[in-house]
Peer 1: 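Here it is, the structure in full.
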Amino acid sequence: MKTAIVGCGKVGHIHAAALVSLEESQFVGVCDADAGRAAAFAAQYGAQPFTDVRTMVSATGTQALMVCTPHPQHAPNTVDAVECGAHVLIEKPMAASLEDCDRMLAAARAAGKTLGIVSQRRFYEPVVRMKRAIEEGRIGRPALGMMTMLSWRDEAYYRSDPWRGTWAGEGGGVLVNQSPHQLDILRWLMGDVEEVTGYWANVNHPSIEVEDTAVAALRFRGGGLASVVTSVSQRPGIYTKVHVHGSSGASVGVQTDGGSTFIAGMSGIQEPPVNDIWTIPGEEGKLAEWQAEDRARFASMDPIAHYHGLQIRDFLQALEEGRAPLVTGEEGRAVTEIFTAIYRAQETGRPVRLPL
(Lines give C-alpha, C1' and ligand atoms only; values in the text may rest on other atoms or scores of the structure.)
Protein backbone atom coordinates (compact mmCIF):
# COMPACT_ATOMS: atom_id res chain seq x y z
CA MET A 1 0.00 0.00 0.00
CA LYS A 2 1.41 3.43 -0.94
CA THR A 3 2.13 5.37 2.25
CA ALA A 4 3.25 8.90 3.09
CA ILE A 5 3.86 11.24 6.04
CA VAL A 6 2.97 14.85 6.73
CA GLY A 7 5.09 16.43 9.45
CA CYS A 8 8.85 15.83 9.29
CA GLY A 9 9.57 16.42 12.96
CA LYS A 10 10.69 14.08 15.71
CA VAL A 11 7.81 11.60 15.68
CA GLY A 12 7.78 11.61 11.88
CA HIS A 13 11.11 9.77 11.89
CA ILE A 14 9.59 6.96 13.98
CA HIS A 15 6.80 6.54 11.44
CA ALA A 16 9.15 6.76 8.47
CA ALA A 17 11.40 4.04 9.85
CA ALA A 18 8.38 1.77 10.19
CA LEU A 19 7.01 2.59 6.75
CA VAL A 20 10.25 1.74 4.97
CA SER A 21 10.54 -1.58 6.80
CA LEU A 22 6.99 -2.95 6.75
CA GLU A 23 6.16 -5.28 3.89
CA GLU A 24 2.65 -3.81 3.84
CA SER A 25 4.07 -0.37 2.94
CA GLN A 26 5.56 1.29 -0.12
CA PHE A 27 6.79 4.61 1.26
CA VAL A 28 6.29 7.23 -1.46
CA GLY A 29 6.02 10.74 -0.05
CA VAL A 30 6.78 13.21 2.73
CA CYS A 31 5.23 16.61 3.27
CA ASP A 32 6.26 19.54 5.44
CA ALA A 33 5.61 23.28 5.36
CA ASP A 34 9.40 23.73 5.39
CA ALA A 35 10.56 22.72 1.91
CA GLY A 36 14.16 22.23 3.02
CA ARG A 37 13.18 19.95 5.86
CA ALA A 38 10.88 17.96 3.57
CA ALA A 39 13.70 17.52 1.04
CA ALA A 40 16.19 16.32 3.65
CA PHE A 41 13.66 13.96 5.20
CA ALA A 42 12.69 12.55 1.79
CA ALA A 43 16.32 11.97 0.86
CA GLN A 44 16.92 10.11 4.12
CA TYR A 45 14.06 7.67 3.53
CA GLY A 46 13.90 7.44 -0.25
CA ALA A 47 10.60 9.22 -0.85
CA GLN A 48 9.42 12.30 -2.76
CA PRO A 49 9.24 15.67 -0.94
CA PHE A 50 6.21 17.98 -1.00
CA THR A 51 4.94 21.06 0.82
CA ASP A 52 1.21 20.48 0.17
CA VAL A 53 -0.77 17.42 1.26
CA ARG A 54 -3.28 17.51 -1.58
CA THR A 55 -0.52 17.73 -4.16
CA MET A 56 1.38 14.86 -2.54
CA VAL A 57 -1.60 12.51 -2.27
CA SER A 58 -2.63 13.17 -5.87
CA ALA A 59 0.85 13.00 -7.35
CA THR A 60 1.99 9.84 -5.56
CA GLY A 61 -1.30 7.96 -5.31
CA THR A 62 -0.93 7.82 -1.52
CA GLN A 63 -3.40 5.36 -0.02
CA ALA A 64 -2.49 5.78 3.68
CA LEU A 65 -1.17 9.00 5.23
CA MET A 66 0.47 9.32 8.66
CA VAL A 67 -0.26 12.72 10.24
CA CYS A 68 2.70 13.65 12.47
CA THR A 69 2.27 17.43 12.71
CA PRO A 70 1.54 19.49 15.86
CA HIS A 71 -2.05 19.04 17.08
CA PRO A 72 -3.62 22.16 15.53
CA GLN A 73 -2.60 20.99 12.03
CA HIS A 74 -4.14 17.51 12.41
CA ALA A 75 -7.58 18.54 11.16
CA PRO A 76 -6.66 20.47 8.00
CA ASN A 77 -4.13 17.87 6.90
CA THR A 78 -6.54 15.01 7.57
CA VAL A 79 -9.41 16.68 5.71
CA ASP A 80 -7.17 17.44 2.74
CA ALA A 81 -5.96 13.84 2.63
CA VAL A 82 -9.33 12.07 2.84
CA GLU A 83 -10.87 14.42 0.28
CA CYS A 84 -8.04 13.45 -2.09
CA GLY A 85 -8.60 9.73 -1.50
CA ALA A 86 -6.26 8.66 1.32
CA HIS A 87 -6.97 6.89 4.60
CA VAL A 88 -5.30 8.57 7.59
CA LEU A 89 -3.53 7.43 10.77
CA ILE A 90 -3.19 10.40 13.14
CA GLU A 91 -0.67 10.82 15.94
CA LYS A 92 -2.19 11.35 19.38
CA PRO A 93 -4.13 13.30 20.36
CA MET A 94 -6.60 13.23 17.49
CA ALA A 95 -7.04 16.95 18.09
CA ALA A 96 -7.09 19.44 20.93
CA SER A 97 -10.73 20.35 20.23
CA LEU A 98 -13.91 18.38 19.63
CA GLU A 99 -14.71 20.69 16.72
CA ASP A 100 -11.57 19.50 14.92
CA CYS A 101 -12.36 15.86 15.74
CA ASP A 102 -15.86 16.18 14.33
CA ARG A 103 -14.57 17.95 11.23
CA MET A 104 -12.18 15.06 10.53
CA LEU A 105 -14.76 12.36 11.20
CA ALA A 106 -17.35 14.06 8.96
CA ALA A 107 -14.85 14.43 6.12
CA ALA A 108 -13.78 10.78 6.40
CA ARG A 109 -17.38 9.55 6.40
CA ALA A 110 -18.23 11.68 3.36
CA ALA A 111 -15.19 10.34 1.49
CA GLY A 112 -15.63 6.74 2.63
CA LYS A 113 -12.18 6.72 4.24
CA THR A 114 -10.83 5.25 7.48
CA LEU A 115 -9.30 7.20 10.34
CA GLY A 116 -7.06 5.65 12.99
CA ILE A 117 -5.36 7.18 16.04
CA VAL A 118 -1.91 6.30 17.34
CA SER A 119 -2.09 4.67 20.78
CA GLN A 120 0.75 2.18 20.51
CA ARG A 121 0.72 1.34 24.22
CA ARG A 122 -2.45 -0.69 23.56
CA PHE A 123 -0.11 -3.15 21.86
CA TYR A 124 2.03 -3.65 24.97
CA GLU A 125 1.80 -7.29 26.02
CA PRO A 126 0.87 -6.40 29.65
CA VAL A 127 -2.00 -4.21 28.39
CA VAL A 128 -3.22 -6.95 26.03
CA ARG A 129 -3.26 -9.39 28.99
CA MET A 130 -5.44 -6.99 30.98
CA LYS A 131 -7.87 -6.51 28.10
CA ARG A 132 -8.19 -10.25 27.59
CA ALA A 133 -8.77 -10.91 31.29
CA ILE A 134 -11.48 -8.25 31.47
CA GLU A 135 -13.20 -9.42 28.29
CA GLU A 136 -13.24 -12.99 29.59
CA GLY A 137 -14.86 -11.86 32.86
CA ARG A 138 -11.97 -13.00 35.04
CA ILE A 139 -12.23 -9.97 37.35
CA GLY A 140 -16.00 -9.66 37.17
CA ARG A 141 -17.25 -6.23 36.10
CA PRO A 142 -14.61 -3.45 35.87
CA ALA A 143 -15.53 -1.50 39.00
CA LEU A 144 -12.65 0.83 39.84
CA GLY A 145 -9.97 2.19 37.55
CA MET A 146 -6.89 4.20 38.44
CA MET A 147 -4.66 6.09 36.04
CA THR A 148 -1.56 7.62 37.61
CA MET A 149 1.14 9.50 35.69
CA LEU A 150 3.98 11.00 37.72
CA SER A 151 6.40 12.16 35.05
CA TRP A 152 8.70 15.07 34.17
CA ARG A 153 9.28 17.58 31.39
CA ASP A 154 12.12 20.09 31.63
CA GLU A 155 12.63 23.54 30.16
CA ALA A 156 14.59 22.13 27.21
CA TYR A 157 11.58 20.03 26.21
CA TYR A 158 9.26 23.03 26.03
CA ARG A 159 11.86 25.05 24.14
CA SER A 160 12.46 22.25 21.60
CA ASP A 161 9.48 23.37 19.48
CA PRO A 162 7.89 26.83 19.49
CA TRP A 163 4.34 25.46 19.74
CA ARG A 164 4.91 23.52 22.97
CA GLY A 165 3.44 24.77 26.23
CA THR A 166 1.02 27.24 24.60
CA TRP A 167 -2.75 27.20 24.36
CA ALA A 168 -2.67 28.31 20.71
CA GLY A 169 0.04 25.91 19.58
CA GLU A 170 -0.70 22.85 21.69
CA GLY A 171 -4.27 23.31 22.89
CA GLY A 172 -3.41 22.29 26.44
CA GLY A 173 -0.70 20.72 28.55
CA VAL A 174 -0.30 17.35 30.23
CA LEU A 175 -3.93 16.41 29.50
CA VAL A 176 -3.57 17.01 25.77
CA ASN A 177 -0.01 15.87 25.14
CA GLN A 178 1.19 13.28 27.65
CA SER A 179 -2.07 11.75 28.96
CA PRO A 180 -3.96 10.54 25.84
CA HIS A 181 -2.21 7.14 25.77
CA GLN A 182 -3.28 6.22 29.30
CA LEU A 183 -6.70 7.86 29.03
CA ASP A 184 -7.27 5.70 25.96
CA ILE A 185 -6.17 2.54 27.78
CA LEU A 186 -8.34 3.38 30.80
CA ARG A 187 -11.40 3.91 28.61
CA TRP A 188 -10.59 0.80 26.51
CA LEU A 189 -10.59 -1.31 29.67
CA MET A 190 -13.41 0.40 31.62
CA GLY A 191 -15.88 1.40 28.88
CA ASP A 192 -17.58 4.64 27.85
CA VAL A 193 -17.43 7.60 30.23
CA GLU A 194 -20.69 9.15 31.45
CA GLU A 195 -19.61 11.94 33.79
CA VAL A 196 -16.38 13.81 34.59
CA THR A 197 -15.26 16.21 37.26
CA GLY A 198 -11.75 17.55 37.59
CA TYR A 199 -9.20 20.28 38.11
CA TRP A 200 -5.89 21.34 36.59
CA ALA A 201 -2.94 23.46 37.71
CA ASN A 202 0.54 24.60 36.77
CA VAL A 203 2.73 23.38 39.64
CA ASN A 204 6.31 24.14 38.65
CA HIS A 205 6.54 25.23 35.00
CA PRO A 206 6.13 29.04 35.11
CA SER A 207 7.50 29.50 31.60
CA ILE A 208 4.54 27.72 29.95
CA GLU A 209 0.90 28.80 29.63
CA VAL A 210 -0.75 25.42 30.07
CA GLU A 211 -1.24 22.91 32.87
CA ASP A 212 1.46 20.51 34.04
CA THR A 213 -0.86 18.68 36.49
CA ALA A 214 -4.50 17.54 36.54
CA VAL A 215 -6.78 15.36 38.63
CA ALA A 216 -10.21 13.97 37.74
CA ALA A 217 -12.94 11.56 38.78
CA LEU A 218 -14.74 9.59 36.07
CA ARG A 219 -18.04 7.70 36.16
CA PHE A 220 -18.62 5.12 33.45
CA ARG A 221 -21.85 4.02 31.79
CA GLY A 222 -21.26 0.48 33.00
CA GLY A 223 -21.29 1.67 36.61
CA GLY A 224 -17.54 1.79 37.18
CA LEU A 225 -15.59 4.66 38.72
CA ALA A 226 -12.04 5.85 38.09
CA SER A 227 -9.49 8.36 39.30
CA VAL A 228 -7.03 10.21 37.09
CA VAL A 229 -3.87 11.81 38.50
CA THR A 230 -1.58 13.05 35.76
CA SER A 231 1.46 15.30 36.05
CA VAL A 232 4.81 16.15 34.48
CA SER A 233 6.02 17.90 37.64
CA GLN A 234 7.92 15.08 39.38
CA ARG A 235 11.64 15.30 38.62
CA PRO A 236 13.10 13.10 37.17
CA GLY A 237 9.87 11.09 36.71
CA ILE A 238 8.52 8.22 38.81
CA TYR A 239 6.07 5.98 36.91
CA THR A 240 2.86 5.78 34.90
CA LYS A 241 0.30 3.10 35.74
CA VAL A 242 -3.21 1.95 34.84
CA HIS A 243 -4.98 -0.38 37.27
CA VAL A 244 -8.43 -1.96 37.04
CA HIS A 245 -10.12 -3.53 40.07
CA GLY A 246 -13.07 -5.81 39.41
CA SER A 247 -16.37 -6.54 41.13
CA SER A 248 -15.06 -10.01 42.05
CA GLY A 249 -12.29 -8.43 44.13
CA ALA A 250 -9.61 -9.37 41.61
CA SER A 251 -7.27 -6.71 40.22
CA VAL A 252 -5.05 -6.32 37.17
CA GLY A 253 -2.59 -3.55 36.40
CA VAL A 254 0.21 -2.31 34.20
CA GLN A 255 3.11 0.05 34.67
CA THR A 256 3.34 1.41 31.14
CA ASP A 257 6.30 3.66 31.91
CA GLY A 258 8.98 3.83 34.59
CA GLY A 259 10.57 7.20 35.19
CA SER A 260 9.59 9.88 32.67
CA THR A 261 7.60 8.87 29.60
CA PHE A 262 9.75 8.84 26.48
CA ILE A 263 9.95 11.89 24.21
CA ALA A 264 10.04 11.18 20.49
CA GLY A 265 13.43 12.10 19.08
CA MET A 266 14.76 13.20 22.47
CA SER A 267 14.75 10.19 24.82
CA GLY A 268 14.05 6.48 24.89
CA ILE A 269 11.76 4.26 26.93
CA GLN A 270 13.49 3.99 30.29
CA GLU A 271 11.92 0.82 31.71
CA PRO A 272 9.95 -2.05 30.17
CA PRO A 273 6.15 -2.08 30.48
CA VAL A 274 5.13 -4.81 32.94
CA ASN A 275 2.07 -6.05 34.78
CA ASP A 276 2.59 -4.81 38.34
CA ILE A 277 -0.66 -6.12 39.89
CA TRP A 278 -2.41 -9.42 39.12
CA THR A 279 -4.64 -11.01 41.77
CA ILE A 280 -6.97 -13.17 39.68
CA PRO A 281 -7.44 -16.40 41.70
CA GLY A 282 -5.16 -19.13 40.42
CA GLU A 283 -3.10 -16.71 38.29
CA GLU A 284 -1.20 -14.81 40.95
CA GLY A 285 1.93 -16.87 40.41
CA LYS A 286 2.19 -15.87 36.74
CA LEU A 287 3.17 -12.29 37.51
CA ALA A 288 6.90 -12.93 37.99
CA GLU A 289 7.00 -15.11 34.86
CA TRP A 290 5.33 -12.44 32.74
CA GLN A 291 7.58 -9.71 34.10
CA ALA A 292 10.67 -11.75 33.20
CA GLU A 293 9.33 -12.38 29.68
CA ASP A 294 8.47 -8.73 29.11
CA ARG A 295 11.82 -7.46 30.40
CA ALA A 296 13.69 -9.89 28.15
CA ARG A 297 11.62 -8.85 25.13
CA PHE A 298 12.20 -5.17 25.90
CA ALA A 299 15.97 -5.68 26.08
CA SER A 300 16.05 -7.48 22.73
CA MET A 301 14.60 -4.71 20.52
CA ASP A 302 13.98 -1.01 19.97
CA PRO A 303 10.63 -0.72 21.77
CA ILE A 304 9.70 2.68 20.32
CA ALA A 305 10.07 1.44 16.75
CA HIS A 306 8.56 -1.96 17.54
CA TYR A 307 5.26 -0.83 19.04
CA HIS A 308 4.73 2.02 16.58
CA GLY A 309 5.40 -0.53 13.86
CA LEU A 310 2.78 -2.89 15.29
CA GLN A 311 0.15 -0.17 15.22
CA ILE A 312 1.03 1.04 11.73
CA ARG A 313 0.94 -2.56 10.48
CA ASP A 314 -2.48 -3.08 12.11
CA PHE A 315 -3.77 0.05 10.35
CA LEU A 316 -2.48 -1.01 6.93
CA GLN A 317 -3.75 -4.56 7.36
CA ALA A 318 -7.14 -3.23 8.46
CA LEU A 319 -7.39 -1.28 5.20
CA GLU A 320 -6.39 -4.35 3.18
CA GLU A 321 -8.91 -6.53 5.03
CA GLY A 322 -11.77 -4.03 5.07
CA ARG A 323 -12.04 -3.94 8.88
CA ALA A 324 -11.70 -1.24 11.51
CA PRO A 325 -8.21 -0.61 12.92
CA LEU A 326 -7.62 -1.36 16.60
CA VAL A 327 -7.87 2.35 17.49
CA THR A 328 -10.51 4.19 15.46
CA GLY A 329 -11.16 7.85 14.87
CA GLU A 330 -14.23 7.66 17.10
CA GLU A 331 -12.05 6.36 19.95
CA GLY A 332 -9.64 9.22 19.38
CA ARG A 333 -12.52 11.66 19.72
CA ALA A 334 -13.55 9.96 22.98
CA VAL A 335 -10.15 10.78 24.51
CA THR A 336 -10.43 14.42 23.41
CA GLU A 337 -13.91 14.43 24.95
CA ILE A 338 -12.53 13.27 28.31
CA PHE A 339 -9.84 15.94 28.61
CA THR A 340 -12.24 18.58 27.26
CA ALA A 341 -14.67 17.61 30.03
CA ILE A 342 -11.92 18.02 32.66
CA TYR A 343 -11.19 21.54 31.40
CA ARG A 344 -14.92 22.38 31.42
CA ALA A 345 -15.38 20.95 34.92
CA GLN A 346 -12.80 23.39 36.27
CA GLU A 347 -14.32 26.30 34.32
CA THR A 348 -17.85 25.62 35.56
CA GLY A 349 -17.11 24.16 38.98
CA ARG A 350 -19.59 21.36 38.26
CA PRO A 351 -19.52 17.77 36.99
CA VAL A 352 -19.75 17.50 33.20
CA ARG A 353 -22.04 14.95 31.57
CA LEU A 354 -20.98 13.15 28.41
CA PRO A 355 -21.43 13.01 25.47
CA LEU A 356 -20.37 16.56 24.68
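Residue numbers start at 1 and run along the sequence shown.
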Peer 1: Give the ring-plane orientation class for His13 versus Tyr45, where under 30° counts as parallel, over 60° as perpendicular and anything between as tilted.
Peer 2: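 Judged by the thresholds at 30° and 60°, the geometry between His13 and Tyr45 is tilted.
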Peer 1: Side-chain heavy atoms under 4.5 angstrom apart, residues restricted to Ile, Leu, Val, Met, Phe, Trp, Tyr: same cluster for Met149 and Met130?
Peer 2: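 Cluster IDs for Met149 and Met130 match.
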Peer 1: Anything under 30° is parallel, anything over 60° is perpendicular, the rest tilted; go ahead and classify His15 against His308.
Peer 2: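 Rings of His15 and His308: perpendicular, as their planes differ by over 60°.
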Peer 1: Give a yes or no on whether a salt bridge exists between Arg221 and Glu194, defined as a side-chain N under 4.0 angstrom from a carboxylate O.
Peer 2: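 So Arg221 does not pair with Glu194 through a salt bridge.
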Peer 1: Do Met56 and Leu65 come close enough that some side-chain heavy atom pair is under 4.5 Å?
Peer 2: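 They are in contact (side-chain heavy atoms under 4.5 Å apart), so the answer is yes.
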Peer 1: Trp290 and Tyr124: ring-ring contact (aromatic ring centres under 6.0 Å, His included), yes or no, with the steps?
Peer 2: CA-CA 12 Å; Trp290 289 336; Tyr124 285 177; over 10 Å; no
Peer 1: Regarding Thr261 and Gln178, do their side chains bring together a donor and an acceptor under 3.5 Å, going by distance alone?
Peer 2: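 No, no side-chain donor-acceptor pair sits under 3.5 Å.
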Peer 1: Ala345 and Val196: which non-hydrogen atoms are nearest, and at how many Å?
Peer 2: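 Closest heavy-atom pair between Ala345 and Val196: CB-O, 4.2 Å.
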Peer 1: Under 4.5 Å between any side-chain heavy atoms of Tyr307 and Glu125, yes or no?
Peer 2: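 They are in side-chain contact.
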Peer 1: Considering non-hydrogen atoms only, spot the tightest contact between Pro72 and Asp100 and give its length.
Peer 2: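 Smallest heavy-atom distance, with atoms named: O-OD2, 4.4 Å.
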Peer 1: Passes side-chain hydrogen bond (donor to acceptor under 3.5 Å, both in side chains), Thr240 versus Gln255? Steps please.
Peer 2: CA-CA 6 Å; Thr240 301; Gln255 178 173 298; over 6 Å; no
Peer 1: Is there a side-chain contact between Ser25 and Leu316, using heavy atoms and a 4.5 Å cut-off?
Peer 2: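 In short, these two side chains touch, coming nearer than 4.5 Å.
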Peer 1: Taking the side chain as everything from C-beta on, heavy atoms only, tell me whether Asn202 gets closer than 4.5 Å to Ile208.
Peer 2: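 Side-chain contact under 4.5 Å: yes.
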Peer 1: Tell me whether Arg153 forms a cation-pi arrangement with Tyr157, defined as NZ or CZ under 6.0 Å from the six-membered ring centre and within 45 degrees of its axis.
Peer 2: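 Ring-cation test returns yes.
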Peer 1: Which of these, Thr148, Thr230, Thr256, sits in a side chain to side chain donor-acceptor pair (under 3.5 Å) with Gln182?
Peer 2: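 So, applying the side chain to side chain donor-acceptor pair (under 3.5 Å) to Gln182 and each of Thr148, Thr230, Thr256, only Thr256 qualifies.
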Peer 1: Does the side chain of Asp294 reach to within under 4.5 Å of the side chain of Pro272, using non-hydrogen atoms?
Peer 2: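 No. Closest side-chain heavy atoms not under 4.5 Å.
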Peer 1: Can you name the nearest heavy-atom pair linking Glu331 to Thr328, along with the distance?
Peer 2: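 Minimum heavy-atom contact is OE1-N, 2.9 Å.
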Peer 1: Side-chain donor-acceptor pair under 3.5 Å between Asn177 and Lys92, yes or no?
Peer 2: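 Result is yes, a qualifying pair exists.
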Peer 1: For the CG atom of Asn275 and the NZ atom of Lys241, what is their distance to the nearest 0.5 Å?
Peer 2: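 Asn275 atom CG to Lys241 atom NZ measures 11.5 Å (nearest 0.5 Å).
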Peer 1: State, with a plain yes or no, whether a side-chain heavy atom of Arg122 is found less than 4.5 Å away from one of Asp184.
Peer 2: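 Yes. Closest side-chain heavy atoms under 4.5 Å.
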Peer 1: Is Arg54 salt-bridged to Glu83, going by a charged N under 4.0 Å from an acidic O?
Peer 2: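 Yes.
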Peer 1: Take atom CE of Met146 as the centre, draw a 6.0 Å sphere, and report whether it contains more than 12 heavy atoms from other residues, nucleotides or ligands.
Peer 2: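 No, CE of Met146 has 12 or fewer neighbouring heavy atoms, counting only those of other groups under 6.0 Å.
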Peer 1: Under the criterion side-chain hydrogen bond (donor to acceptor under 3.5 Å, both in side chains), I'd like the reasoning laid out for His181 against Asp257: C-alpha separation, chi angles, the key distance, then a yes or no.
Peer 2: CA-CA 11 Å; His181 287 295; Asp257 299 84; over 6 Å; no
Peer 1: What pairs with Trp152 under ring pair (Phe, Tyr, Trp, His ring centres under 6.0 Å), at least two apart in sequence or on another chain?
Peer 2: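 Ring pair (Phe, Tyr, Trp, His ring centres under 6.0 Å) check on Trp152 returns His205.
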Peer 1: Can a side-chain donor-acceptor contact be found between Arg164 and Ser160 if the only test is distance below 3.5 angstrom?
Peer 2: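 There is such a pair between these side chains.
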Peer 1: Show every salt bridge (charged side-chain N to carboxylate O under 4.0 Å, His left out) that has at least one partner inside residues 131-151, sequence neighbours left out.
Peer 2: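 Those involving residues 131-151 are Lys131-Glu135, Glu136-Arg138, Arg138-Glu283.
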Peer 1: Taking atom types as modelled, is there a side-chain donor on Glu211 or Tyr343 under 3.5 Å from an acceptor on the other?
Peer 2: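 The criterion, which ignores hydrogens and geometry beyond distance, is satisfied for Tyr343 and Glu211.
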Peer 1: Using atom types as modelled and distance alone, determine if a side-chain donor or acceptor of Gln311 lies under 3.5 Å from a backbone N or O of Gln120.
Peer 2: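 Checked: pair present.
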